[in-house]
Amino acid sequence: MDLRRDVTLGTRLAVVRAGGLAMALAGDPVLRLLYRPWIDDPSGVQRQLREAAQPYASRAGVLVVATHDLCRDLVRDRRFMVRTRSGGSLGGAVEGERDPLLEPVDLSFLGMDPPEHTRLRRLVGSWFTPARVAAYEPLVTGLAEQLVDDAARRERFDLVADVATPLPVAVIAELLGVPDEDAGSFARWGQAVGAGLGGVRSLRALHRLEAAIVELRGLLGDLLEKRRHDPDDDLISHLAAEDADVEETISLSALLLLAGFETTSTLLSNAVAAMTDAGGPWAQLAADPGRGTDAVEESLRFDAPIQFTARTPHETVRIGERDVAPDTVVMAMLGAAGRDPAVHADPDVFDLDRPTRGEHLAFSGGIHYCLGAPLARLEARVALAVLAERMPTLHREAGAVRRRSLLLRSYQRLPVST
Ligand code: HEM
């Protein structure tokens with residue numbers, strides 16, 4: 001353990017936490033999203049951000065856009081990058097390096113600009129085409145049925161732990177080629193690393209996260225070595241056959257685990273929570289489980305699992321009412337964009353029949369558009385259909401806990417009963 005590093009990071013964490021609370025109490029809408037009651041219902045803060053002059057200058061030192069049109073334009077604009085001109089992470093203190101608090105995990109090409117981004121995304125792109133993903137439907141259906149049947153035996157269960165989390169983990173493990181005997185460790189480390197995705201909140205969490213990353217990288221490194229000699233029909237074997245760089249392959253595989261599992265799990269629990277609220281449309285879905293796609297799209301619009309992304313320009317660029325100087329961080333509030341009344345009538349109502357339900361930015365846009373969108377859509381559609389078919393009277397129980405995160409709008413626990 002490096003004591004000097006810990007003292008520096010611990011002090012920064014304490015300052016950031018105290019500063020964040022002070023700014024939230026003073027009325028900064030972005031930071032309010034980290035605290036109750038705004039964490040439970042962010043719609044008021046989202047409205048405030050959309051109605052402010054765009055971009056809004058947060059006291060946290062970033063600019064913020066929150067309307068659908070500006071968010072869409074920002075993520076598509078090729079003058080905006082994900083690293084600063086010197087190669088630093090957005091908001092990071094150290095040039096050319098990751099900030100362990102803001103960006104504790106190496107996000108492979110998600111955190112890269114072209115040309116590296118283009119090269120690495122191409123390396124795995126062919127594994128995520130809609131046709132290839134469609135072939136996973138029988139596997140996803142079998143897994144979802146098994147999880148839902150197991151949960152049904154208990155009558156009352158935690159949707160997050162019992163269905164929403166194990167499903168995407170099992171799918172990614174299968175896609176990468178993680179052997180069954182390692183699947184449990186893979187899921188545990190993935191969960192530990194996923195919990196740190198939005199930045200860590202304590203030194204203990206940072207240490208836990210760093211230990212999990214070392215173990216996860218060990219497992220992926222061993223698997224890559226094995227598949228070089230003994231290939232199978234999985235993504236790691238494909239990367240081994242392409243003779244991809246070992247470190248790059250490990251980071252890439254870790255990215256797929258991280259990007260693909262908390263997000264999909266979050267989508268599932270947000271969808272169930274919104275639809276089983278009093279007067280929610282669960283009965284509508286149960287009457288016609290074929291409407292799983294409508295439920296998925298409306299949930300992505302209503303409660304985007306990833307609430308924001310960020311970009312920075314390498315030249316001065318005008319957006320909305322401001323000239324944005326190079327290296328200024330601009331947040332695009334994807335969640336607030338989904339509730340923009342300029343696009344969606346009555347945006348704070350969850351409506352399966354909404355004609356604009358597909359017009360959301362939950363998967364972002366431009367060159368970083370979510371690579372796993374077809375897979376996430378498949379998993380969520382199938383799981384919701386199986387749940388609605390087998391549990392038509394599913395309803396929420398007391399004790400739901402939302403996770404405290406600016407990035408992920410998700411549940412830590414969602415007790416339900418059949
Ligand atoms: C509901 C589930 C999901 C949501 C809401 C989601 C959301 C997102 C968003 C917002 C981005 C772009 C971030 C940005 O523009 O800065 C992204 C990128 C990405 N996602 Fe997803 N994601 C989901 C599921 C998945 C799955 C299942 C996988 C793969 C197994 C995946 C893999 C990726 C990858 C590799 C990227 C990086 C793309 C790039 O940088 O070019 N995602 N995702």
Side-chain angles (χ1 to χ4, degrees), residues 71-78 80-83 89-90 103 105-129 132-133 136 140 164-165 167-176 178 190 194 197-198 234-235 251-271 295-312 329-335 337-338 360-384 407-410:
C71 287
R72 181 202 54 209
D73 293 351
L74 182 77
V75 293
R76 286 186 185 170
D77 193 326
R78 296 295 289 265
F80 280 86
M81 304 288 173
V82 297
R83 303 209 82 80
S89 54
L90 301 194
E103 199 190 12
V105 184
D106 174 3
L107 288 175
S108 181
F109 63 91
L110 179 57
M112 292 178 189
D113 292 318
E116 293 83 1
H117 169 269
T118 321
R119 180 175 63 80
L120 287 173
R121 185 168 167 129
R122 269 201 201 125
L123 205 53
V124 288
S126 60
W127 280 73
F128 291 91
T129 57
R132 178 134 211 161
V133 166
Y136 282 97
V140 174
T165 302
L167 176 66
V169 176
V171 174
I172 304 264
E174 179 72 26
L175 191 136
L176 286 172
V178 175
L197 254 190
D234 56 49
L235 181 52
S251 298
L252 239 169
S253 312
L255 166 66
L256 295 176
L257 168 65
L258 292 176
F261 114 78
E262 285 287 342
T263 46
T264 309
S265 161
T266 295
L267 166 60
L268 263 172
S269 31
N270 283 351
V296 169
E297 297 309 315
E298 178 63 349
S299 181
L300 287 165
R301 176 201 74 78
F302 185 76
D303 251 349
I306 302 274
Q307 286 278 303
F308 73 87
T309 183
R311 299 285 189 270
T312 196
V329 177
V330 188
M331 287 169 80
M333 305 301 279
L334 308 174
H360 56 72
L361 298 169
F363 292 124
S364 190
I367 63 167
H368 291 280
Y369 179 81
C370 176
L371 185 69
L375 184 61
R377 285 183 156 126
L378 168 72
E379 289 180 48
R381 167 175 64 75
V382 167
L384 285 175
L407 181 71
L408 274 173
R409 178 154 173 75
S410 68

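The model shown is predicted, which means the values in this text are computed figures rather than measured ones. Computed from heavy atoms alone, side chains included, the values below leave out hydrogens, waters and symmetry copies. Numbering of ligands and ligand atoms starts at 1, following listing order.
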[atom] [closest protein heavy-atom partner, distance rounded to 0.1 Å]:
atom                    : result
atom 38 (C) of ligand 1 : Arg121 NH1, 3.4 Å
atom 14 (C) of ligand 1 : Thr309 OG1, 3.2 Å
atom 7 (C) of ligand 1  : Ala362 O, 3.6 Å
atom 13 (C) of ligand 1 : Leu110 CD1, 3.8 Å
atom 30 (C) of ligand 1 : Ile172 CD1, 3.4 Å

Exercise. Does His368, backbone or side chain, put an N or O under 3.5 Å from an N or O of ligand 1?
Worked result: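 For ligand 1, there is an N or O atom that lies under 3.5 Å from one belonging to His368.
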Exercise. Could an N or O of ligand 1 be found under 3.5 Å from any N or O of Glu379, whether backbone or side chain?
Worked result: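 Min N/O separation from ligand 1 is not below 3.5 Å for Glu379.
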Using heavy atoms and a threshold below 4.0 Å, how should the contact between [X] and ligand 1 be classified: side chain, backbone, both, or neither?
X      : value
Thr264 : both
Arg311 : side chain
Val82  : neither
Ile367 : backbone
Phe109 : both

Exercise. Got Phe109 and Val124 here, is their nearest side-chain heavy-atom distance under 4.5 Å?
Worked result: yes
Exercise. Would you say His368 and His117 make side-chain contact, with heavy atoms under 4.5 Å?
Worked result: yes
Suppose I only count heavy atoms of [X] and a 4.0 Å limit; which atoms of ligand 1 are within that range?
X      : answer
Pro305 : 5 (C)
Leu255 : 35 (C)
His117 : 39 (C), 40 (O), 41 (O)
Leu267 : 1 (C)

Exercise. Run the side chain to side chain contact (heavy atoms under 4.5 Å, CB included) check on Arg311 and Val75 step by step: do they pass?
Worked result: CA-CA 7 Å; Arg311 299 285 189 270; Val75 293; 4.2 Å; yes
Exercise. Does a salt bridge link Arg83 with Asp113, judged by any charged N lying under 4.0 Å from a carboxylate O?
Worked result: no
Mark the output for [X] as yes if a heavy-atom distance to ligand 1 is under 4.0 Å, and as no if none is.
X      : value
Met112 : no
Phe128 : yes
Val75  : no

How far apart are the closest heavy atoms of [X] and [Y], and which atoms are they?
X      : Y      : answer
Arg132 : Trp127 : NH2-CH2, 3.2 Å
Thr312 : Val329 : OG1-N, 4.1 Å
Gly372 : Phe128 : CA-CD2, 4.2 Å
Val82  : Gly111 : CG2-C, 3.6 Å
Tyr136 : Glu174 : CE2-CG, 4.5 Å
Arg409 : Asn270 : O-ND2, 2.8 Å

For this session: Could you check Thr129 against Val133 for side chain to side chain contact (heavy atoms under 4.5 Å, CB included), going step by step and ending with a plain yes or no?
Result: CA-CA 6 Å; Thr129 57; Val133 166; over 6 Å; no
Exercise. Step by step, would you call Arg301 with Ser299 a side-chain hydrogen bond (donor to acceptor under 3.5 Å, both in side chains)?
Worked result: CA-CA 5 Å; Arg301 176 201 74 78; Ser299 181; over 6 Å; no
Problem set entry | Sidechain-backbone polar pair: Thr264 side chain, Gly260 backbone, donor-acceptor under 3.5 Å | yes
Report, one line per pair, each donor and acceptor closer than 3.5 Å where one atom sits in a side chain of residues 374-381; sequence neighbours left out.
from, atom 1, to, atom 2, distance (Å)
Arg377, NE, Glu297, OE2, 2.7
Arg377, NH2, Glu297, OE1, 3.1
Arg381, NH1, Glu137, OE2, 3.4
Arg381, NH2, Glu137, OE1, 3.0

Exercise. Taking atom types as modelled, is there a side-chain donor on Ser265 or Thr165 under 3.5 Å from an acceptor on the other?
Worked result: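 Distance-only check passes for Ser265 and Thr165.
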Exercise. Do you know how many protein N, O or S atoms are within a distance smaller than 2.8 Å of atom 21 (Fe) of ligand 1?
Worked result: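 Total protein N/O/S atoms under 2.8 Å from atom 21 (Fe) of ligand 1: 1.
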